[in-house]
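One structure below.
Hydrogens, waters and symmetry mates play no part in the numbers below; they use all other heavy atoms, side chains included.
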Amino acid sequence: MLWVKRVILKYQSKQWLLFALIFTLFVQSAPPSNAVISKKEIDAASKEYGVLATRRMQALLTLIAENSNRPERLKVNLVNSFFSKVTYMEDKQVWKTNDFWATPAELLAKDKGDAEDFAIAKFFTLLAMGIDEKKLYFSYVNATRIKRSHIVLTYFRSPNSEPLIMDSLTDRVLKASARSDLIPIYSFNAKDLRNSDQTSSKQDFDNSIHQWGQMVTRMKQGILK
């Protein structure tokens, strides 16, 4: 049973049910995979946020350059570990707005971000390190420990393998079956969303499209908010 055939897939943990819709927004609109952070963004961060912000950005570029030929499982661990040093904080505190999707440069410039920001940064970093985009998915979940909706990035070694969960709530990369605290809601692509049980999903999906588009535009133009 292949994930990419848009079927519901069940793992050892019966609670881990995901809607198999490939997240394809990045296919048409994302920057080149090696453009995680541009020189323009580094220069802007230096002026706006200071030397520590630029050091964090340079450290990410070094991580990518020194580990792009390593095994994929190690890349996942290294990237997750790198971003675990960033402080988790809600958009209202960081950006003074209810919802804002930061670019990787903005996340490191502020050194603060929420779940979407971590997932986006890990996604683009892993792409830059050579991991096939078909192995990476954004998934909205209900996080029972914090009792609210949440977003994680998942990595599949192969279409039939159990995914690894990269989650801003922990610095550990665990298999889906070990994350019984996460109840998946949906994954989505740019054209449609299939979740007949969630009455609020369409609204959430439309907002995600809008936020993603704005984030990618800033990333392409090298703009820091």
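- For the pair Lys175/Pro163, no side-chain contact is recorded, criterion being any heavy-atom separation below 4.5 Å from C-beta on.
- Qualifying side-chain contact (heavy atoms from CB on, under 4.5 Å) partners for Thr144, counting only residues two or more places apart in sequence or in other chains: Asp181, Ile183.
- Taken from CG in Asn80 to CG in Leu153, the straight-line distance is 9.0 Å, to the nearest 0.5 Å.
- Remark: Met219 CE to Ile37 CD1 distance equals 8.0 Å, nearest 0.5 Å.
- Val94 and Leu52 are assigned to two separate hydrophobic clusters, defined by single-linkage of ILVMFWY side chains at heavy-atom distances under 4.5 Å.
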Without placing hydrogens or testing angles, list every side-chain donor-acceptor pair under 3.5 Å for residues 111-118, not counting sequence neighbours.
| unit_1 | atom_1 | unit_2 | atom_2 | d |
| --- | --- | --- | --- | --- |
| Asp117 | OD1 | Ala102 | N | 2.7 |
| Asp117 | OD2 | Asp114 | N | 3.0 |

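- Contact of the Val76 side chain with the Ile131 side chain is registered, since non-hydrogen atoms from C-beta on lie closer than 4.5 Å.
- Leu169 is linked by a side-chain contact (heavy atoms from CB on, under 4.5 Å) to Ala143, Ile146, His150, Asp167, counting only residues two or more places apart in sequence or in another chain.
- Through direct or indirect side-chain contacts shorter than 4.5 Å among Ile, Leu, Val, Met, Phe, Trp and Tyr, Leu174 is connected to no other residue.
- Contact check for Leu182 versus Ile165: side-chain heavy atoms found under the 4.5 Å cut-off.
- In this structure, the salt bridge (charged side-chain N to carboxylate O under 4.0 Å, His left out) partners of Asp43, at least two apart in sequence or on a different chain, are Lys39.
- Under the rule for a side-chain hydrogen bond (donor to acceptor under 3.5 Å, both in side chains), the partners of Arg218 that lie at least two apart in sequence or sit in another chain are Glu106.
- To the nearest 0.5 Å, atom CD1 of residue Ile151 and atom OH of residue Tyr140 are 4.5 Å apart.
- Rounding to the nearest 0.5 Å gives a distance of 8.5 Å between CD of Gln214 and NZ of Lys225.
- Every residue two or more places apart in sequence or in another chain was checked for a side-chain contact (heavy atoms from CB on, under 4.5 Å) with Glu48, and none qualifies.
- Listed by chain and number, the hydrophobic cluster partners of Ile223 come to none, as no ILVMFWY side chain reaches under 4.5 Å of it.
- When the side-chain hydrogen bond (donor to acceptor under 3.5 Å, both in side chains) test is applied to Ser38, the partners found at least two apart in sequence or on another chain are Glu41.
- The local environment of CG in Asn69 is sparse, with at most 12 non-hydrogen atoms from other residues, nucleotides or ligands closer than 6.0 Å.
- The side-chain heavy atoms of Ile64 and Val36, taken from C-beta on, include a pair separated by under 4.5 Å.
- No side-chain donor-acceptor contact under 3.5 Å links Asn77 to the backbone of Val173.
- For the pair Leu63 and Asn67, the tightest heavy-atom approach, listed with the atom from each and the gap, is O-ND2, 2.9 Å.
- You'll find the side chain of Leu60 stays beyond 4.5 Å of the side chain of Met57, heavy atoms only.
- Judged as a ring-ring contact (aromatic ring centres under 6.0 Å, His included), the pairs with a partner in residues 49-99 (not counting sequence neighbours) are, in order, Trp95-Phe100.
- Thr54 places a side-chain N or O within 3.5 Å of a backbone atom of Val51 that can act as its donor or acceptor partner.
- Counting only residues at least two apart or on different chains, the salt bridge (charged side-chain N to carboxylate O under 4.0 Å, His left out) pairs with a member in residues 60-79 are Glu72-Lys135.
- In this structure, Ala128 and Ser68 approach most closely via the heavy-atom pair O-OG, 4.0 Å.
- Interatomic distance, CG of Leu164 versus OG1 of Thr154, reported as 9.0 Å (0.5 Å rounding).
- A heavy-atom distance below 4.5 Å is not found between the side chains of Thr103 and Ile120.
- At least one donor-acceptor pair under 3.5 Å links the side chain of Ser84 to the backbone N or O of Ser81.
- Annotation: the span from Phe138 atom CZ to Phe123 atom CZ amounts to 5.0 Å, rounded to 0.5 Å.
- Residues in residues 77-97 take part in these salt bridge (charged side-chain N to carboxylate O under 4.0 Å, His left out) pairs, two or more places apart or across chains: Glu90-Arg148.
- The shortest distance between side-chain heavy atoms of Met166 and Val152 does not fall below 4.5 Å.
- Across Asn142 and Ser149, no two heavy atoms sit closer than the pair OD1-CA, 3.9 Å.
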